[in-house]
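After the structure tokens below, expect a handful of questions from me.
Quick note on labels: first sequence line is chain A, next is B, and so on, each numbered from 1. Here the structure is a predicted model, which means the values were calculated and not measured.
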2 protein chains.
Amino acid sequence: MPAESNTRSRTRRAILDAAVAVLARDSTASVGDIAVAAGVGRTTVHRYFAERSDLINAIAADLLEKVHNAVDRARIDEGSAVEALGRVCQEWFALSDGFMLLFNNPELINDPAWSEDTESDLKILELIRRGIRDGEIDGSMTAEWVSNLLWSMLYAGWEYRRSHGASSHEALTQCLASLRKAISP
Amino acid sequence: MPAESNTRSRTRRAILDAAVAVLARDSTASVGDIAVAAGVGRTTVHRYFAERSDLINAIAADLLEKVHNAVDRARIDEGSAVEALGRVCQEWFALSDGFMLLFNNPELINDPAWSEDTESDLKILELIRRGIRDGEIDGSMTAEWVSNLLWSMLYAGWEYRRSHGASSHEALTQCLASLRKAISP
DNA sequence: TAAAAATGGAACAATGATGTTCACTTGCGG
DNA sequence: CCGCAAGTGAACATCATTGTTCCATTTTTA
């Protein structure tokens with residue numbers, strides 16, 4: 001199959017990005033709202049994603065890829081486990097819109113791609129177990145709980161920024177500090 | 001005005017409780033879905049709450065009252081601040097459905113009753129400040145951040161129970177332990 | 001520059017939720 | 001045990017969203 005033309009892939013990206021931004025604020029936004037946000041006609045959106053669910057699925061796939069890339073960039077095999085977790089946190093922190101969208105969109109979480117444990121989830125769990133083995137992370141907690149902690153800290157950081165006007169840097173710093181304290185042995 | 005008859009207030013409660021339970025799982029559930037869950041005709045729901053938004057507002061008010069009552073029961077002026085925070089956590093943990101509903105219902109959070117800082121929010125912030133003054137809580141964090149931490153820990157606990165099949169007791173225990181570690185000086 | 005690709009926008013049918021009315025039961029409560 | 005408050009379900013109009021089609025217009029690109 002021929003590669004998608006440049007114009008088409010640019011338009012596709014614009015729609016996808018706008019959809020994430022809009023749906024993160026209001027998960028019930030209409031296709032029309034998304035089209036406006038993307039600076040594109042509603043017809044065009046339907047030309048790229050026939051049904052609303054196709055758009056949702058595309059968002060899920062896109063986010064999944066971003067998550068994977070973030071984990072790669074974090075080089076989780078290098079250095080101490082806690083440091084590596086910090087790097088993952090930092091990378092994921094930038095994906096706030098996508099995750100906010102994921103949180104309050106049951107249909108998204110139930111997407112096959114996000115089934116039980118994504119590849120990235122498993123990598124993080126393994127990283128946490130390494131931290132526990134090395135005595136860097138409190139072994140009285142299950143790896144799953146630590147993983148939950150990480151997510152909820154990210155959430156706290158995003159919320160801190162959103163509702164208290166904290167800068168991203170500020171929020172991330174607090175986030176990381178609290179996570180380190182919470183998981184330390 | 002005459003007090004509401006027993007039957008009426010019972011029906012009202014049934015609708016309200018069913019609405020919380022249903023909307024916590026799917027925030028877009030129809031009034032019909034709620035009526036079925038409440039074991040009541042859709043017409044009856046509309047008799048109690050003319051519009052959908054009236055029902056939503058009633059839920060908000062109801063939850064707000066539960067939150068207040070929980071804070072009262074926690075006797076936040078007694079004992080150490082950290083112990084008191086623990087009691088609040090424990091009380092609030094039981095309101096999971098309501099909060100889940102609150103989290104992914106923008107229209108609910110924007111309800112006048114939940115404006116900026118509810119009475120309970122202010123009480124908790126004051127409690128946290130007391131903890132910081134008394135040296136029980138790390139003073140390098142703002143009270144607002146600690147408050148956010150508390151919420152995100154609750155969220156982590158609920159999620160741990162939901163997706164990892166942990167018992168309420170287990171989840172709450174982890175929740176409290178991690179919170180204490182995160183906020184300790 | 002001209003063909004091809006991409007977009008815009010109007011119009012339309014289908015759908016599902018909402019809110020209202022009404023005539024008909026049900027079942028409390030005095 | 002009976003009357004009346006309360007609830008039921010059907011029917012109806014309204015509304016917003018969705019998905020589709022068609023044609024004119026703009027933008028790419030060959």
Side-chain angles (χ1 to χ4, degrees), chain A residues 1-62 101 104-108 110-111, chain B residues 1-62 101 104-108 110-111:
Chain A
M1 59 184 168
E4 195 171 46
S5 80
N6 288 339
T7 25
R8 273 193 76 82
S9 63
R10 269 199 306 272
T11 303
R12 175 181 298 272
R13 261 261 67 77
I15 295 175
L16 236 41
D17 290 344
V20 170
V22 170
L23 292 176
R25 291 214 189 84
D26 174 12
S27 62
T28 69
S30 72
V31 176
D33 295 335
I34 295 171
V36 171
V40 128
R42 190 170 69 94
T43 316
T44 301
V45 174
H46 275 109
R47 201 171 278 131
Y48 283 79
F49 308 96
E51 304 188 3
R52 185 182 224 277
S53 63
D54 293 330
L55 177 55
I56 300 293
N57 289 340
I59 292 175
D62 188 54
L101 178 48
N104 39 37
N105 260 88
E107 69 222 84
L108 245 180
N110 295 335
D111 185 278
Chain B
M1 58 185 170
E4 196 170 45
S5 79
N6 287 341
T7 20
R8 272 193 77 81
S9 64
R10 267 200 306 271
T11 303
R12 175 180 297 273
R13 261 260 69 76
I15 294 175
L16 235 45
D17 290 345
V20 170
V22 170
L23 291 176
R25 290 213 189 83
D26 174 12
S27 62
T28 69
S30 72
V31 176
D33 295 336
I34 294 171
V36 170
V40 126
R42 188 170 71 93
T43 316
T44 301
V45 174
H46 274 109
R47 189 174 294 128
Y48 283 79
F49 309 97
E51 303 189 5
R52 184 183 227 275
S53 62
D54 293 331
L55 177 55
I56 300 292
N57 290 340
I59 292 175
D62 188 53
L101 178 49
N104 39 38
N105 260 90
E107 67 220 88
L108 244 180
N110 295 334
D111 185 276

- prompt: How far apart are the closest heavy atoms of L101(B) and V20(B), and which atoms are they?
  reply: CD2-CA, 3.9 Å

- prompt: L23(B) and R52(B): which non-hydrogen atoms are nearest, and at how many Å?
  reply: CD2-NH2, 4.3 Å

message: Rounded to whole Å, how long is the line connecting atom CG of D54(B) with atom C1' of dT20(C)?
response: 14 Å

field: Five-pair end axes of the helix from dT1(C)-dA30(D) to dG30(C)-dC1(D) and the angle they enclose, rounded to 10°
entry: 30°

field: Exercise: identify the closest heavy-atom pair between T7(A) and Y48(A)
entry: O-OH, 4.5 Å

- prompt: Quick one: side chain to side chain donor-acceptor pair (under 3.5 Å) partners of D54(B), sequence neighbours excluded?
  reply: none

task: Output all residues satisfying side chain to side chain contact (heavy atoms under 4.5 Å, CB included) with S27(B), sequence neighbours left out; order by chain, then residue number.
output: N104(B), N105(B)

Could you pull out the protein-nucleic contacts involving nucleotides 11-18 of chain C (nitrogen or oxygen on both sides, under 3.5 Å)?
from: dT18(C); atom 1: OP1; to: R52(B); atom 2: NE; distance (Å): 2.7
from: dT18(C); atom 1: OP2; to: V31(B); atom 2: N; distance (Å): 3.0

field: Those residues that, when tested against R13(A), pass salt bridge (Lys or Arg N to Asp or Glu O under 4.0 Å) (two or more places apart)
entry: D17(A), D62(A)

message: I'd like to check the side chain to side chain donor-acceptor pair (under 3.5 Å) partners of S53(B); sequence neighbours left out, ordered by chain and number.
response: none

Would you list the atom pairs, donor with acceptor, under 3.5 Å between side chains in residues 31-39 of chain A and any protein atom, with sequence neighbours excluded?
from: D33(A); atom 1: OD2; to: S30(A); atom 2: N; distance (Å): 3.1
from: D33(A); atom 1: OD2; to: S30(A); atom 2: OG; distance (Å): 3.3

field: Separation of atom CD1 in I15(B) from atom P in dG7(D), rounded to whole Å
entry: 8 Å

- request: Over all heavy atoms of both residues, which pair between R47(A) and R8(A) is shortest? Give the atoms and the distance, please.
  value: O-NH2, 4.5 Å

Between the protein and nucleotides 23-29 of chain C, list every N/O to N/O distance that falls short of 3.5 Å.
none

field: Distance test, side-chain N/O of Y48(B) to OP1/OP2 of dA6(D), below 4.0 Å
entry: no

- line: Residue set satisfying side chain to side chain donor-acceptor pair (under 3.5 Å) with T43(A), at least two apart, ordered chain then number -> none

